[in-house]
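Working notes for the structure below.
Per chain, numbering begins at 1; letters A, B, ... match sequence-line order.
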Amino acid sequence: MILDSKIPEGPLADKWENHRFSSKLVNPANKRKFKIIVVGSGLAGGSAAATLGELGYNVDCFCYQDTPRRAHSIAAQGGINGAKNYQNDGDSIHRLFYDTIKGGDFRSRESNVHRLAQNSVNIIDQCVAQGVPFAREYGGLLANRSFGGAQVSRTFYARGQTGQQLLLGAYSALSRQIATGQVKMHVRQEMLDLIVVDGHAKGIITRNLATGEMKVWTADAVLLCTGGYGNVYYLSTNAIGCNVTANFRAYRRGAGFANPCFTQIHPTCIPVAGDHQSKLTLMSESLRNDGRVWVPKNAEDAGKAPSEIPEDARDYYLERKYPSFGNLAPRDISSRSAKEACDEGRGVGPGGRGVYLDFEDSINRLGENVISERYGNLFEMYERITGENAYQRPMRIYPAIHYTMGGLWVDYNLMSTIPGCFVLGEANFSDHGANRLGASALMQGLSDGYFVLPYTIGNYLTTISPGGIDPEGAAARETLESVKERVGQMVSAKGKRSSRSYHKELGNIMWEYAGMARSEKGLNKAIGEIQDLRDDFNKNLLVTGHGEELNMELERSGRVRDFLDFGELLCRDALTRNESCGGHFREEYQTADGEATRNDEDFSHAAVWEYKGDGETPTRHKEDLEFENVKLAVRSYK
Amino acid sequence: MKLFLKVWKQEGPEDEGHFESHVLDGVSEDSSFLEMLDQLNEQLLGEGKEPIAFDHDCREGICGTCSLNINGYAHGLENSTTTCQLHMRKFEDGDSITVEPFRAKAFPVVKDLVVNRSAFDKIIQAGGFITVRTGSAPDGNAMPVPKENADLAMDAAQCIGCGACVASCKNASAMLFTSAKAGHLNMLPQGQAEKDSRVLNMVAAMDEAGFGNCRNYGECSAACPKDISLDYIAKLNRDYAKAKIKKVFS
Ligand SMILES: Cc1cc2nc3c(=O)[nH]c(=O)nc-3n(C[C@H](O)[C@H](O)[C@H](O)COP(=O)(O)OP(=O)(O)OC[C@H]3O[C@@H](n4cnc5c(N)ncnc54)[C@H](O)[C@@H]3O)c2cc1C
Ligand code: SF4
Ligand code: FES
């Protein structure tokens, strides 16, 4: 596997400009001849499909939901970063670049991150022009707030529904292209395989989730914009349908999978309430602007009502440990601190797995109406789920799996190791290193879709001739048959256990051994347990109904099957990264006071996994990361 | 909690459909309505029966995928709440609960509780956008928007496209949905250029998709999980009348 990152020459700030200039252009008459498949209609896929349609390409766009407007991007709450410096507080493209590189614990590519910071400015303009109703100040100008890991105020937001509004913006642009016929939208379709011919991506196989029909779609290039794999942990803040299937199938066809162990745990989620739990709900990190995190100083107080714990018996542990960032310390650090506090028996709420996020001071300082204006919908959501009123009693929060930095490896053009297969948004590994800063995923999805791929795809298309492959040809047929066989096996599975029960069990293994803290011993144990669970799945799975209909058990079984394989890969990656960095915390690598110890000497690289066949150990490759513009430093938020 | 459930079962679009009764015990009051249905489905699987199909995805009240008519109310009786956010503590031990799909001519049943709401997408495709090519936008602060207007636009833009408004209207009208989207864009300076064509085209698409007429019953807004106000319908009617007159005289 060759990992040529294709980073352009020149000084950092000029790389993107140089690259755009030297990128090959596809002339307008030829664009009409190319057909492009976009899998996914979230911020990445929606923006890419709309823009490619505008440019004159023929686009087929797919999503598993019943309409593109429901992609998981819709759930993002807090905001999107943009280096506009509208607040005149010292922000700049370089500062956003630096914060993102540092936030990622120096495990991302400088060139990509800088490009992202540059594009952030255009994204805000684009979205405003589309009618995204961002929050405004009284003078009518755009409002900003600050987010974890940053000391400037550069986050744009639309109440607590930023992702929804950005996605509806992209969806409206997409709808316009659907109306012109330039983009054909295929809903309730799940991609189950990638068609690769002579090493190039030439199409996909989908299953129509409403009718069960399986079909070949051919194209000149395939864009995977299929989101993250957080649901390998069963409980996460992701939507129930989020899956790794599209990416994992591409991996099995030759796409390198980079840094699968880089997963993000979000510090502010509503704690688990019981065994019925099917997902966890995020309380936007923006709450940490006005809320103070604490637990009782003494474990004996953990069972008391918060109002009975006096001020001097409370430990505002983030403020204590990280005075300059305080409650806005980055996600990985905040999450681990919460776990430590609960491990010490100082956690609150059911099972002792929770910490308080307290708004009393802010309410006294600003008034309840200001807090309600800022976070009203979040407080309501909290009350609906827990039955508690957070204006009167501090919220209980606990970390949960939220985002996945790892993903398919891509070069500077966003192309995977399979020529013609591009990967955008959360599905790729490119910009966030070992930890993502808040409000940066929305930015990355839209940067990839609106402003990067539409340029860089030309570098590939100009090397091939349009026309794709014969949908009836051998390659397409073989891929289709292999999918039919796989689905057929599951349909006929008449064992005893439901796919959900396997998913839950897998999630428990992952959370226990590959969650907030990992160790060699634990990871080895996890790999063994996952292999056993997979064997059992293959023997004892129960699927009812048949394949030629809407069959949600069958859908889930397919996803869980891929999660079982993928979970093992994730653990393997965590096991071979002998350092702690960002969201990846290995217990063996920490300082005496529990801070993560990075190993730049040996691990300043992206680990890229190559599939070698079922039952074979995949090969670990490396893309070394060169830092020419920032000095590798110990990430300190003290 | 122990519940007595009457749930709609329908093999496919052509099937007539019927209710089936189930008894479900040991439901936690902290679980959501959909988690209760998950539990029922696991129970059915255990009995070797086919689970009940229902739509859902985010399970946090924002994607608009979940639907369900619960005891005759779209998304259940609790105000401002989607089915996925409805929690079982709002019910009593021993309750009987009837669960049906959203019913409307323009939303045909796919299976069991799953319906096809793609008619909404058609309305948006007809004009629910501002025509701006990628890369052609002016600076974000070039056009200030009074906070009040931005807030009103946001109030409308919150619509999640769930279709509860349609399902709760006697005429299965889509006016609340359409007026929310049109209202959001028409309230912003960026949306002015296409305002007239937007309302004319969206309303035409709405009629074509088979939604009924609006008779101002107001059930839509009462059922809406995002509290979209009836004011937007009034505004759409005004904008429509103006656009129509302009069209006649042009
Ligand atoms: C609760 C929550 C809050 C968040 N808040 C923020 C925030 O405030 N700021 C921020 O920057 N980021 C936030 N994030 C992260 C951010 O929302 C996501 O990373 C981002 O939206 C991902 O966009 P995407 O386009 O890559 O993928 P998605 O939006 O997940 O879209 C994936 C698309 O792929 C399709 N798809 C997936 N698999 C298949 C398949 N096999 N076949 C066919 N189609 C498929 C889906 O249908 C969907 O259309 C948040 C995330 C969560 C979970
Ligand atoms: S107006 Fe309300 S009820 Fe109707 S689709 Fe929108 S959110 Fe749902
Ligand atoms: S499942 Fe997303 S709104 Fe209910």
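The parts of B:Gln85 that come within reach of chain A are both its backbone and its side chain, each placing non-hydrogen atoms under 4.5 angstrom from that chain. Using a 4.5 Å cut-off between heavy atoms, B:Met143 touches chain A through its backbone atoms (N, CA, C, O) alone. Using a 4.5 Å cut-off between heavy atoms, A:Tyr171 touches chain B through its side chain atoms alone. Only the backbone of A:Thr386 comes within contact range of chain B, judged by heavy atoms closer than 4.5 Å. Heavy-atom distances place no part of A:Thr211 under 4.5 Å from chain B, backbone and side chain included. Residue B:Asn201: no heavy atom, backbone or side chain, is found under 4.5 Å from chain A. Both the backbone and the side chain of A:Gln126 come within less than 4.5 Å of a heavy atom of chain B. Contact annotation for A:Glu137: only backbone heavy atoms (N, CA, C, O) come within less than 4.5 Å of a heavy atom of chain B. With a 4.5 Å cut-off on non-hydrogen atoms, B:Lys49 touches chain A through its backbone but not through its side chain. For A:Glu373, the part lying under 4.5 angstrom from a heavy atom of chain B is the side chain only. Both the backbone and the side chain of B:Gln158 come within less than 4.5 Å of a heavy atom of chain A. Residue A:Leu52 does not touch chain B at all, counting heavy-atom pairs closer than 4.5 Å. For a residue to count as touching a neighbouring chain, one of its non-hydrogen atoms must lie under 4.5 Å from one of that chain's; by this rule B:Arg89 touches chain A with the side chain only. Heavy atoms closer than 4.5 Å to chain B are found in the side chain of A:Lys84, but not in its backbone. Residue contact with chain B, scored on non-hydrogen atoms closer than 4.5 Å, involves the backbone and the side chain of A:Gln130 alike.
Residues A:Phe134 and A:Tyr157 place their aromatic rings such that the two centres sit no closer than 6.0 Å. Taking the six-membered ring for Trp and the full ring otherwise, the centers of B:Phe33 and B:His75 sit at least 6.0 Å from each other. In summary, the aromatic rings of B:Phe211 and B:Phe107 are positioned with their centroids under 6.0 Å apart.
The choice from B:Val110, B:Asp112, B:Val114 that makes the most heavy-atom pairs within less than 4.5 Å of chain A is B:Val114. In terms of heavy-atom pairs under 4.5 angstrom with chain B, the leader among A:Ile385, A:Val121, A:Asn122 is A:Ile385. The greatest number of non-hydrogen atom pairs below 4.5 Å with chain A, out of B:Ala126, B:Ala150, B:Gly64, B:Ala153, is found for B:Gly64. By number of non-hydrogen pairs under 4.5 angstrom with chain B, the leading residue of A:Glu54, A:Glu553, A:Lys279, A:Arg176 is A:Arg176. Per-residue counts of heavy-atom pairs under 4.5 Å with chain B were compared for A:Arg500, A:Met552, A:Met185; the largest is that of A:Arg500. Contact tally against chain B (heavy-atom pairs below 4.5 Å) for A:Leu167, A:Asp125, A:Val128, A:Ile74: the top residue is A:Asp125. Counting heavy-atom pairs closer than 4.5 Å to chain B, the top-ranked of the candidates A:Arg188, A:Gln65, A:Gln277 is A:Arg188. In terms of heavy-atom pairs under 4.5 Å with chain B, the best-connected choice from A:Ile124, A:Leu55, A:Thr237, A:Asp66 is A:Asp66.
Taking a 6.0 Å sphere around CD of B:Glu148, one finds it holds 12 or fewer heavy atoms contributed by other residues, nucleotides or ligands. Heavy atoms from other residues, nucleotides or ligands lying under 6.0 Å from NZ of A:Lys494 number more than 12. Enclosure of atom NZ in A:Lys504 by more than 12 non-hydrogen atoms of other residues, nucleotides or ligands within 6.0 angstrom is indicated. More than 12 heavy atoms of other residues, nucleotides or ligands lie within 6.0 Å of CD in A:Glu383, so this atom counts as buried by the packing criterion.
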Inset, instruction - Verify side chain to side chain contact (heavy atoms under 4.5 Å, CB included) between B:Asn149 and B:Leu188, making sure each step is shown before the conclusion. - result: CA-CA 7 Å; B:Asn149 290 19; B:Leu188 293 169; 5.5 Å; no

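Because its NZ or CZ atom is both nearer than 6.0 Å to the ring centre of A:Tyr502 and within 45° of the ring axis, A:Arg497 counts as a cation-pi partner of that residue.
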